[in-house]
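Structure record follows, encoded as structure tokens.
These figures come from a predicted structure and were not determined experimentally. Letters go in sequence order (proteins before strands), and every chain restarts at 1.
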Protein chains: 2
Amino acid sequence: MSRPQPQKRATVHDIAAAAGMSRGTVSRVLNGGYVSAEARAAIEAAMSDLGYVPNNAARALKMRRSQAVAFVALEPHSLFLDDPNIGSIMLGANAALSLADHQMVSLVVESARDTERVARYLSGGFVDGAIVVSARTKDPIIRVISDLSLPAAFVGHPPDLDQTIPFVGIDNVGSARAITEHLVTTGRRRIGMIAAALDRDSGIDRLAGFRDALGPLFDDELVSDVPHYDYGSGVKGMRDLLEREPAIDGVFAASDAIAAGALEALREAGRSVPGDVGVVGFDDSTWAVRCQPQLTTVHQPAKEIGSCAAQLILRQLRGEHPDPGGQLLPTPLVLRDSA
Amino acid sequence: MSRPQPQKRATVHDIAAAAGMSRGTVSRVLNGGYVSAEARAAIEAAMSDLGYVPNNAARALKMRRSQAVAFVALEPHSLFLDDPNIGSIMLGANAALSLADHQMVSLVVESARDTERVARYLSGGFVDGAIVVSARTKDPIIRVISDLSLPAAFVGHPPDLDQTIPFVGIDNVGSARAITEHLVTTGRRRIGMIAAALDRDSGIDRLAGFRDALGPLFDDELVSDVPHYDYGSGVKGMRDLLEREPAIDGVFAASDAIAAGALEALREAGRSVPGDVGVVGFDDSTWAVRCQPQLTTVHQPAKEIGSCAAQLILRQLRGEHPDPGGQLLPTPLVLRDSA
DNA sequence: TTGTAAGCGTTATCAA
DNA sequence: TTGATAACGCTTACAA
């Protein structure tokens, strides 16, 4: 009955005409302002009659606000497929933005073509800010954002070049140190690490924490260096370690996925966990509980990270300047069965 | 040197002034049209001087085209966290849209609040079309799309109500039948299924294919029904099956993640795979190769599904009417070690 | 409380 | 080939 004509969409103008009011008044019922009860009623009737839906492009043009925030995932091929946290971070960010009535839109940057297009998109007024995840030190997107002075927040350490962009993350060094110390405390002596993503701050920092905790026990030979935080890398890294040091009795895997892979390699080598070798991971992702044995690991508060990043943006949109230096969220150890 | 003033952004007007040309000419160099070499040079110089970046909102308002397509993920909490295919589908869609110079923006619908906001977003002119994944039969978003007659494409079976929206998917019934037949062919006789998501077409269809393939061998008692396509459900479903029929010798898991869980439960029950029990999965996701033994499964061409969906949108944007009834992509069997 | 009118940054039509 | 000028749909002073 009240189905609108499908093709041409009703505008404020049409509503005004139908309701016998002026455009200004229509806009006022839309945005809140002085308007009489009768006027409001007539206009609302006209709106639902004609199936009015406001045109965001026009509104954004006028208001210079789109009520949308981008969630930019750099190199998602490895991200979405391997990182079980990215989904939770997104969901956390979305929830926080949703509460503030902002639309989160995620953009994927996979190719040079994408980079350029996303840069245009970010500068074009379709979004009011951007959450950037997994930035490498000199990503072109970052230039664009800082040139534009678009409100932004990084997830993870910010690239060196721009200290003006706030970030939210965890203390990778401290967490890695703590989980490694657990290995030491429980009596392990020949402790190795499967380090990953050494071109990213998270990777570098986890290795630093490991080295730190071990002190004199640290042995360069016992660090296997793999490219990604994924299962396959874990299998490979562990095989590598076993070959280099058959007497290894403890392993810190740079992520739970890697730890799961390590478990597989250990099983295939006939080592028991935690009997022969203690294994610890990082993330407390779904991997941790689907392993056998379940992983002792570092809990990463992914959802909170997402919502903090969102808050960082929202605060800037309100005109507040967030404290520089970023925000580090706590990362409790989770003790399970693998060490 | 050529750093633009950070706050106020240059407009076509400014460029025109700086280059001593009219706005029309500037627009012409932007969009292609007759313009002399000198004029072009002057204008391009002015643009890079002032750091010009076009305003999308204004362009969208005028052109009625945003060059953006939404990728709408319904109930992502289970999706992103459990479904290893969703990432590949997104990436496939993005790649195809990217080639056509369209920006893919993914939207997440988790709450009623999200539903409403996303509906507004879709209707507001910020996107030219929408790819919808994992729609349940009567999702409000679908109403909105069809009321708006927004160019759209579904991933998976379309909900009954609207036959005008094209879709891309796979033949779940046929694939399930084929993989089940493999179990029969290899000599299994007491074959069970861990069925999931029976409120979704994919879930229903996979069960139908299973029943179909088994014919007289089918036994209602040997179907365990779990809510989601995830690992935990697989563990539970398999335990359930083992309890109901200790002599079970074949299992069709509705997804690879479920199959991985089933493997775990079988290990814990002391059954060998494929010796005592043959197990097959569905998806050919990363799960399939990280299991021990690796899974025999149905390959789902996730990337192609994404890019087909994108094509479906692009075609509509060109004014073509895609053939109704949708498009089914082939799903070869992948024989590995689990059955 | 309501109407009028200007303008947000583009593109497009039409003359020149 | 180029320059005015009128939209696109909306918000917002300012006036009434």
Nucleotide by nucleotide, 5' to 3', does protein get under 4.0 Å of the base (B), only the sugar-phosphate (S), or neither (-) in nucleotides 7-16 of chain D, counting heavy atoms? BBBSBBB---
Figure out the CZ/P separation between Phe126(A) and dT10(C), and round it to whole Å. 12 Å
Under a 3.5 Å distance rule, please check whether Ser27(B) uses its side chain to pair with a backbone N or O of Arg23(B) as donor and acceptor. no
Arg59(B) and Asn31(B) side chains, donor-acceptor separation under 3.5 Å: yes
Could you tell me whether Ala60(B) contacts a base, only the sugar-phosphate backbone, or nothing, with contacts defined as non-hydrogen atoms closer than 4.0 Å? nothing
Which class fits the ring pair Tyr121(B) and Phe126(B): parallel under 30°, tilted 30 to 60°, perpendicular over 60°? perpendicular
Taking CD1 from Ile43(A) and C1' from dG3(C), how many angstroms apart are they, rounded to a whole number? 12 Å
Other residues, nucleotides and ligands only: do more than 12 of their heavy atoms fall within 6.0 Å of CD on Gln327(B)? yes
Check whether Glu116(A) reaches the backbone of Ala112(A) with its side chain - one donor and one acceptor, N or O, closer than 3.5 Å. no
